[in-house]
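Heads up, the thing below is written out as structure tokens.
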Amino acid sequence: MSEFARLPRHVAIIMDGNGRWAKQHKIKIALGHRQGVEALRSIIRESSDLGIEALSLYAFSTENWKRDPQEVDALMGLLLEFFSSEIDELDEKNVCIRILGDKAGLPEKQRQAVVSAEERTKGNTGLHLNIALNYGGRAELVLAARTLAERVRKGEMTPDEITEETLAQALYTKGLPDVDLLIRTSGEMRLSNFLLYQCAYAEFEFPTVLWPDFTLDHYHRALREFAGRDRRFGGRNE
Ligand code: IPE
Ligand code: IPE
Ligand code: MG
């Protein structure tokens with residue numbers, strides 16, 4: 001039995017603060033990102049053990065290409081390392097991996113690694129682990145609008161059949177519940193273009209800890225906080 005009265009079905013995390021962490025420790029930014037990956041492993045494992053349905057992690061935004069090429073290379077390198085070192089354990093844990101974002105815009109090696117991870121785990125029925133890579137919430141909505149427009153053009157659906165549900169089915173998160181809890185570390189309080197549609201009624205938590213220092217304790221605190229929230233969805237609970 002879980003220690004939490006109520007668990008979110010879908011947790012989204014904006015893993016922020018690797019750069020500041022590196023600065024604090026007077027080390028290269030790449031090492032801050034490396035430490036960030038360490039923090040990630042235990043959060044994924046715990047989410048799977050707790051029986052959370054979906055975990056969406058913001059790893060690289062469509063805007064992150066603006067960063068110094070060296071930093072972008074370091075992040076892309078870590079991505080490959082992550083997939084090659086974690087895939088066996090994730091698959092064993094029955095985790096189903098999905099990439100949110102434009103995979104075609106990734107470098108070829110990275111694209112192949114993520115596609116093969118998706119292929120290998122697509123039949124798994126445990127935690128849905130979504131990794132947002134080259135992801136932008138607005139780009140996702142534009143893509144969905146195009147997909148639906150194309151279906152209408154082909155006569156497969158009528159404009160009236162464009163509903164909240166059919167739009168949701170045209171998003172990368174197709175088939176998954178809306179985000180219940182969004183956590184952003186490092187004290188920043190913004191969405192930075194993450195899961196704009198899916199966060200309509202999400203509860204937000206903004207712990208000030210920098211991502212590489214985010215531990216299971218911090219995660220549990222956020223989950224307990226979530227369990228105590230009064231979610232009304234526009235209605236009344238009393
Ligand atoms: C988040 O950490 C990781 C990515 C964006 C990939 P940052 O690198 O944004 O860390 P800060 O915000 O500079 O501290
Ligand atoms: C959001 O963080 C993206 C990721 C954590 C991957 P950023 O650090 O890129 O966001 P801004 O620039 O502070 O809004
Ligand atoms: Mg940041």
Side-chain angles (χ1 to χ4, degrees), residues 10-44 47 54-83 85-86 97-107 109-111 113-114 117 128-143 171-173 179 181-199 202 204-215 218-219 222:
H10 187 169
V11 177
I13 307 185
I14 303 179
M15 310 180 288
D16 199 13
N18 297 350
R20 277 161 284 171
W21 190 89
K23 209 166 184 184
Q24 240 177 35
H25 290 77
K26 300 191 170 50
I27 54 174
K28 290 203 182 107
I29 283 194
L31 293 174
H33 290 308
R34 183 172 287 281
Q35 203 56 40
V37 176
E38 290 306 316
L40 181 67
R41 294 181 212 274
S42 57
I43 301 304
I44 297 175
S47 305
L55 174 67
S56 296
L57 301 168
Y58 207 1
F60 194 88
S61 74
T62 45
E63 288 76 40
N64 286 147
W65 297 108
K66 291 181 200 162
R67 296 189 181 193
D68 185 282
Q70 260 194 333
E71 182 179 355
V72 172
D73 280 356
L75 283 165
M76 292 297 149
L78 281 170
L79 178 67
L80 280 187
E81 268 183 47
F82 174 81
F83 277 98
S85 67
E86 301 304 300
I97 298 172
R98 191 190 297 193
I99 303 304
L100 315 180
D102 180 14
K103 288 179 282 202
L106 292 174
K109 265 202 219 155
Q110 280 71 8
R111 197 190 60 76
V114 300
H128 285 277
L129 175 62
N130 302 322
I131 304 188
L133 271 180
N134 194 18
Y135 173 88
R138 287 185 172 182
E140 179 182 38
L141 287 165
V142 168
L143 185 66
L171 299 174
Y172 294 122
T173 47
V179 174
L181 170 64
L182 177 117
I183 303 171
R184 182 174 189 151
T185 56
S186 86
E188 306 293 357
M189 299 184 195
R190 53 178 173 269
L191 274 179
S192 299
N193 207 10
F194 194 40
L195 301 175
L196 300 179
Y197 191 84
Q198 299 87 339
C199 280
F204 287 31
E205 273 289 306
F206 298 109
T208 52
V209 59
L210 302 175
W211 176 254
D213 290 329
F214 191 77
T215 62
H218 296 107
Y219 192 30

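Computed from a predicted model, the values in this text were never measured in an experiment. Start at 1 and go down the list; that is how both ligands and their atoms are numbered.
Distance from atom 8 (O) of ligand 1 to its nearest protein heavy atom, with residue and atom name: Arg67 NH1, 2.8 Å. Annotation: atom 1 (C) of ligand 1 to nearest protein heavy atom, Met15 O, 3.0 Å. Regarding atom 11 (P) of ligand 2, its nearest protein heavy-atom neighbour is Ser192 OG, 3.6 Å.
Look at Ser186 and you'll find every heavy atom at least 4.0 Å from all atoms of ligand 1. Contact analysis leaves Lys66 out of contact with ligand 2, as no non-hydrogen atom separation drops below 4.0 angstrom. Not a single heavy atom of Lys23 lies less than 4.0 angstrom from ligand 1. Proximity of Glu188 to ligand 2 is not established, as no heavy-atom distance is less than 4.0 Å.
When the heavy-atom distances from atom 10 (O) of ligand 2 to Arg20, Arg184, Glu63 are ranked, the shortest goes to Arg184. For atom 9 (O) of ligand 2, the choice among Asn64, Leu57, Ile14 with the nearest heavy atom turns out to be Asn64. Considering each of Leu210, Leu75, Asn18, the one bringing a non-hydrogen atom nearest atom 2 (O) of ligand 1 is Asn18.
No donor-acceptor distance shorter than 3.5 angstrom exists from the side chain of His218 to the backbone of Phe214, with no hydrogens or angles considered. A donor-acceptor contact shorter than 3.5 Å links the side chain of Asn134 to the backbone of Asp102.
With a heavy-atom cut-off of 4.0 Å, Phe194 does not touch ligand 2 at all. Residue Ala59 touches ligand 2 through its backbone alone, judged by heavy-atom distances below 4.0 Å.
The distance criterion of under 3.5 Å between nitrogen or oxygen atoms is not met by Phe60 with respect to ligand 1.
Atom CG in Leu196 sits 7.0 Å away from atom CZ in Arg138 (nearest 0.5 Å). Here the straight-line distance linking atom CD1 of Ile29 with atom CG of Leu31 works out to 10.5 Å at 0.5 Å rounding.
In this structure, Leu78 and His33 approach most closely via the heavy-atom pair CD1-CB, 3.5 Å. Residues Pro207 and Arg184 approach most closely at CD-O, 3.3 Å, considering heavy atoms.
The pair Glu81-Arg34 meets the salt-bridge criterion, with a side-chain N (NZ, NE, NH1 or NH2) lying under 4.0 Å from an Asp/Glu carboxylate O.
Taking the ring centroids of Phe194 and Tyr135, they lie under the 6.0 Å cut-off.
Close contacts of ligand 1 with Gly19, meaning ligand atoms under 4.0 Å from a residue heavy atom, involve 7 (P), 8 (O), 10 (O), 11 (P), 13 (O), 14 (O). The contact set between ligand 1 and His33, taken as ligand atoms under 4.0 Å from a residue heavy atom, comprises 3 (C), 8 (O). In summary, the atoms of ligand 2 found under 4.0 Å from a heavy atom of Arg190, numbered by their order in the structure, are 11 (P), 13 (O), 14 (O). For ligand 2, the atoms sitting less than 4.0 Å from at least one non-hydrogen atom of Asp16 are 8 (O), numbered in the order shown with element in parentheses.
The aromatic rings of Phe206 and Phe204 stand perpendicular to each other, their planes meeting at an angle above 60°, with 30° marking the opposite boundary.
For Asp16, the N/O/S atom at the shortest distance from the Mg ion (ligand 3) is named OD1.
No side-chain heavy atom of Arg98 sits under 4.5 Å from any side-chain heavy atom of Leu129. At a threshold of 4.5 Å between non-hydrogen side-chain atoms, the residues Leu171 and Tyr197 count as touching.
Shown here, atom 14 (O) of ligand 2 is in close reach of the protein: a heavy atom of it lies under 4.0 Å off.
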Candidate pair Arg20 and Glu188, rule salt bridge (Lys or Arg N to Asp or Glu O under 4.0 Å), full reasoning: CA-CA 12 Å; Arg20 277 161 284 171; Glu188 306 293 357; 3.1 Å; yes
